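This report refers to the structure that appears directly beneath it.
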Amino acid sequence: MRRVHRFLLNPRPSSVRMRAMNLGQWMHRQGLTDGEVGVLIGRSASTINRLRRGVTRPDWPTMIRLREATDGRVKPNDFIQPAEHRGAA
């Protein structure tokens, strides 16, 4: 729980260049657990776990919260698989 508050109180300096990354990468770099990210955006740890593993996609309100919480580093396109990965011919 302490890490969530530290993250909220010490935002990344605006001079740092943003780089797109997926949810798992962002969580790893921030040192956050599924539960901590869940608290941060108002979702359960199991929901964050499913999103991180690609089992499910976020609904729009969840995606907006993730984008805001990650300062734009995790984007809606990060949850969409290319057609060749979905088994399309």
Side-chain angles (χ1 to χ4, degrees):
M1 200 62 159
R2 175 180 237 160
R3 287 186 221 152
V4 172
H5 297 295
R6 185 189 76 229
F7 172 74
L8 290 174
L9 295 175
N10 296 317
R12 181 179 51 77
S14 60
S15 62
V16 175
R17 188 174 180 190
M18 280 193 0
R19 180 179 159 265
M21 61 181 66
N22 70 34
L23 180 59
Q25 292 169 328
W26 180 81
M27 289 173 60
H28 178 74
R29 287 189 182 205
Q30 296 298 320
L32 298 173
T33 65
D34 294 337
E36 290 168 332
V37 174
V39 168
L40 187 62
I41 69 165
R43 297 293 186 256
S44 69
S46 61
T47 296
I48 301 304
N49 183 277
R50 288 190 306 272
L51 292 171
R52 181 178 48 79
R53 293 182 298 124
V55 173
T56 188
R57 293 186 202 162
D59 58 15
W60 193 246
T62 301
M63 187 60 250
I64 297 298
R65 290 176 180 177
L66 278 170
R67 187 186 57 162
E68 290 172 352
T70 64
D71 200 22
R73 290 186 177 211
V74 177
K75 299 177 177 6
N77 287 348
D78 298 334
F79 293 96
I80 301 171
Q81 292 181 340
E84 62 269 12
H85 293 282
R86 290 190 302 248

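Just so you know, these numbers come straight off a predicted model, no measurement behind them.
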Atom pair [atom1]/[atom2] of [X] and [Y] - distance to nearest 0.5 Å:
X     : Y     : atom1 : atom2 : value
Leu32 : Leu23 : CG    : CG    : 10.0 Å
Arg57 : Asp78 : CZ    : CG    : 12.5 Å
Leu40 : Glu68 : CG    : CD    : 10.5 Å
Asn49 : Met27 : CG    : CE    : 8.0 Å

Notebook entry, point to check: Among all residues two or more places apart in sequence or in another chain, which pass the salt bridge (charged side-chain N to carboxylate O under 4.0 Å, His left out) test with Arg67?
Noted result: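 Listed in chain order: nothing, the list is empty.
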
Note to self: As a test of understanding, state which of Thr47, Asn22, Asp34 forms a side chain to side chain donor-acceptor pair (under 3.5 Å) with Arg52.
What the structure shows: Asp34

Item checked: Contacts of Arg65 that satisfy side chain to side chain contact (heavy atoms under 4.5 Å, CB included) - sequence neighbours left out ->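 By the side chain to side chain contact (heavy atoms under 4.5 Å, CB included) rule, Arg65 matches Ile41, Arg43.
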
Notebook entry, point to check: In chain order, what residues pass the side-chain hydrogen bond (donor to acceptor under 3.5 Å, both in side chains) check against Thr56, with sequence neighbours excluded?
Noted result: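 Listed in chain order: nothing, the list is empty.
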
Next item on the list: Consider only side-chain heavy atoms of I, L, V, M, F, W and Y, link residues closer than 4.5 Å, and tell whether Ile48 and Trp60 are in one cluster.
Entry: yes

Notebook entry, point to check: Among Val37, Val74, Leu66, which one satisfies side chain to side chain contact (heavy atoms under 4.5 Å, CB included) with Leu51?
Noted result: Leu66

